[in-house]
Amino acid sequence: QCPLRRLLSCPGTVAADLRREEQSSGSAETGSEDRTAKKRFSEVQNKRREQAQRTVLIHCPNKIDEKKFLKFLSQHGPINSHFFYESFGLYAVVEFCQKESVTSLQNITRTPSLGPEAAIPFKSRYFNLKLRNSSNQTSELSSIQCSNQSSPSSKKLYQLLCCAESVDDQLNTLLREFQLTEENTRLRYLTCSLIEDVAAAYFPDCAVRPFGSSVNSFGKLGCDLDMFLDLDEIGKFTAQKTSGNFLMEFQVKNVPSERVATQKILSVIGECLDQFGPGCVGVQKILNARCPLVRFSHQASGFQCDLTTNNRIALKSSELLYMYGALDSRVRALVFSVRCWARAHSLTSSIPGAWITNFSLTMMVIFFLQRRSPPILPTLDYLKTLADAEDKCIIEGYNCTFVRDLNRIKPSGNTETLELLLKEFFEYFGNFAFNKNSINIRQGKEQNKPESSPLHIQNPFETSLNVSKNVSQSQLQKFVDLARESAWILHQEGKDRPLPSSNQPWGLAALLLPSVANNVSLSKKKKKPASERIKNLLDSIKSSGAENSTATNGR
Ligand code: GTP
Ligand code: MG
């Protein structure tokens, strides 16, 4: 920690402590239970949101004296924490101890005069810092430490995986390298908070909350930022504090349906972001989608953002996934590996289509962990039985109730290793009867498919819906084929593993190589000849296909 920071900081939680506290849900290093108190999703969200409201984003000159910079800012009040990052320029994220400091800084900030161009005045928390006299400021600069916001290159990842001690170590390494860092998480909450400032121009009591992988503990560095514009504080859900014979209502405009209301709200917010939102570029209003949204890039943070509203169930799904991620430290390691594996083999894509989504893959891992003996994860129905009156949650008529206090759920007695679980995951889904069965995390049991989509994963809350309705037969077939190949590779690897020092892809590294062909050519130095390896592999796929004429559908 920089001594200056200590000097300027007020006593408070610093980044590392916060991270440690938040992650008290379990160590990624072991599969063992962790007995420290685990934080509720809402506690984490509220704390982060409040922190983001005291935080500013500053575009800095490339050469800047960190000490002077912090001294300058601390005139407005003590600073709790700060970090720098690079993204088409140098940026600083500065968290003050008090919200008033932000107002004080805004009060001495001017709107730039841009020569022939005109600026639309908007007092945001996203600033541009200029040097008054650059020559005397840059004299004795020590270099600024920048926090990294991107995931490791494939090359670095393979090196790290090849040097790992075991497959378990590989899965934990992958998790460590790809998970959102403390700084990246702060930047995500800050970006939501900056968008909230824009939306608040129309809806003063609104909240913009992150959901999806930014908060469900399965986010990878570089993942999109899903935002939910929450108008409930203003809207119809506010408790009515009335007495006597009178009831006051606001005069409002009525529209034909909730969907039309959502479209109208998003249309106007999309317009605001496009016209006045500092740093918001490439705004697209996708209002006719099943779930209407505004998509844009937040240039300064580099996040691709999807803003929705009236999407409270998705926020509840994020909470549920967060709970599952926190219950056992093996869950996140396994989900990250399966997600990376799927991405490496183009089973998932950032473009919408007939591909399986990360959300569906996560549900499959959860389901698989519910099926272990003894189960590693409880069913959603069981989590519902643990709920108390305060946990009760009905959204749009759907019962979304489950226990929210993680500490009330007994840890699993299952001690299987990650290596075994990964192998079994591929075997399980390589042989799953997709033709007749549905995946259902509510009951943790295979159910008969209610409809004929190739892949059926029941939506945990809107139980009549299939979260993987988009997946085509050929994409499912590809998933099954790759799962079988991967199970086979892991099985072989177990018998014939190169020395960690040999720098050859093995274990998870071998699985992540883009194709089996690549995999074979890179493993040439292994004892078993490549031709034999691939022949066995093809035979094993062929024979399982021959046993069952509808190979995709398993048995
Ligand atoms: P990334 O691929 O890392 O962005 O994962 P993600 O979990 O954020 O997925 P995505 O951005 O596609 O969706 C955001 C959230 O919306 C998910 O976490 C879910 O809560 C919800 N969601 C996504 N797809 C579906 C779906 O098909 N059905 C339902 N009910 N919810 C979905
Ligand atoms: Mg997402």
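Start at 1 and go down the list; that is how both ligands and their atoms are numbered. Hydrogens, waters and symmetry mates play no part in the numbers below; they use all other heavy atoms, side chains included.
- For atom 25 (C) of ligand 1, the closest non-hydrogen atom on the protein side is Phe359 CD2, 3.6 Å.
- Proximity to Cys223 (heavy-atom distance under 4.0 Å) selects the following atoms of ligand 1: 3 (O).
- The nearest protein atom to atom 1 (P) of ligand 1, hydrogens excluded, is given as Ser213 OG, 3.4 Å; this is a heavy-atom distance.
- Summarising the geometry of Tyr324 relative to Pro378, their closest heavy-atom pair is OH-O, 2.9 Å, with the distance given to 0.1 Å.
- Every residue meeting the salt bridge (Lys or Arg N to Asp or Glu O under 4.0 Å) condition with Asp388, not counting sequence neighbours, appears here in chain and number order: Arg408.
- Val331 and Gly325 make their closest contact through CG1-CA, 4.2 Å (heavy atoms, listed as atom of the first residue, atom of the second, distance).
- Looking at Glu319 against ligand 1, nothing comes within 4.0 Å, counting heavy atoms.
- The backbone and the side chain of Val467 each have at least one atom closer than 4.0 Å to an atom of ligand 1 (non-hydrogen atoms only).
- For ligand 1, the atoms lying closer than 4.0 Å to a non-hydrogen atom of Ala314 are 20 (O).
- The side chain to side chain contact (heavy atoms under 4.5 Å, CB included) search around Ser317 returns Ile313, Phe359, Phe461, not counting sequence neighbours.
- A perpendicular orientation is assigned to the rings of Phe367 and Phe432, their planes being inclined by more than 60° (bins at 30° and 60°).
- Residues Leu361 and Ala342 share a closest heavy-atom pair of CD1-CB, 3.4 Å.
- Taking both residues in full, the closest heavy atoms of Lys264 and Val255 are given as CE-CG1, 3.5 Å, listed atom of the first, atom of the second, then distance.
- Ring pair Tyr126/His298 is tilted by interplanar angle, where 30° to 60° counts as tilted.
- Nearest protein heavy-atom neighbour of atom 2 (O) of ligand 1: Asn358 ND2, 2.8 Å.
- Listed by chain and residue number, Glu319 satisfy the salt bridge (Lys or Arg N to Asp or Glu O under 4.0 Å) test with Lys316 (two or more places apart in sequence, or in another chain).
- The nearest heavy-atom contact from the protein to atom 14 (C) of ligand 1 is Asp226 OD2, 3.5 Å.
- Legend: protein N/O/S atoms lying under 2.8 Å from the Mg ion (ligand 2), waters omitted, number 2.
- Between Arg48 and Glu182 there is a salt bridge, since at least one side-chain N of the basic residue sits less than 4.0 Å from a carboxylate O of the acidic one.
- Per-residue contacts place Phe211 under 4.0 angstrom from the following atoms of ligand 1 (heavy atoms of the residue considered): 14 (C), 15 (C), 16 (O).
- The ligand atoms of ligand 1 that sit less than 4.0 angstrom from a heavy atom of Asn459 are 29 (C), 30 (N).
- Between Phe479 and Phe425, the two ring planes are perpendicular [angle over 60°; tilted spans 30° to 60°].
- The closest non-hydrogen atom to atom 20 (O) of ligand 1, taken over Ser317, Gly212, Pro352, comes from Ser317.
- Remark: atom 12 (O) of ligand 1 lies closer than 4.0 Å to no protein heavy atom.
- Atom 16 (O) of ligand 1 is flagged as protein-proximal [any protein heavy atom, distance under 4.0 Å].
- Ligand-side atoms of ligand 1 in range of Asp224: 4 (O), 11 (O), range being under 4.0 angstrom from any heavy atom.
- Only one option out of Asp226, Leu266, Leu293 pairs with Leu307 in a side chain to side chain contact (heavy atoms under 4.5 Å, CB included); it is Leu266.
- Closest of all the heavy-atom pairs between Ser87 and Ala300 is OG-O, 3.6 Å.
- Within the 4.0 Å heavy-atom cutoff, Arg339 counts among the residues contacting ligand 1.
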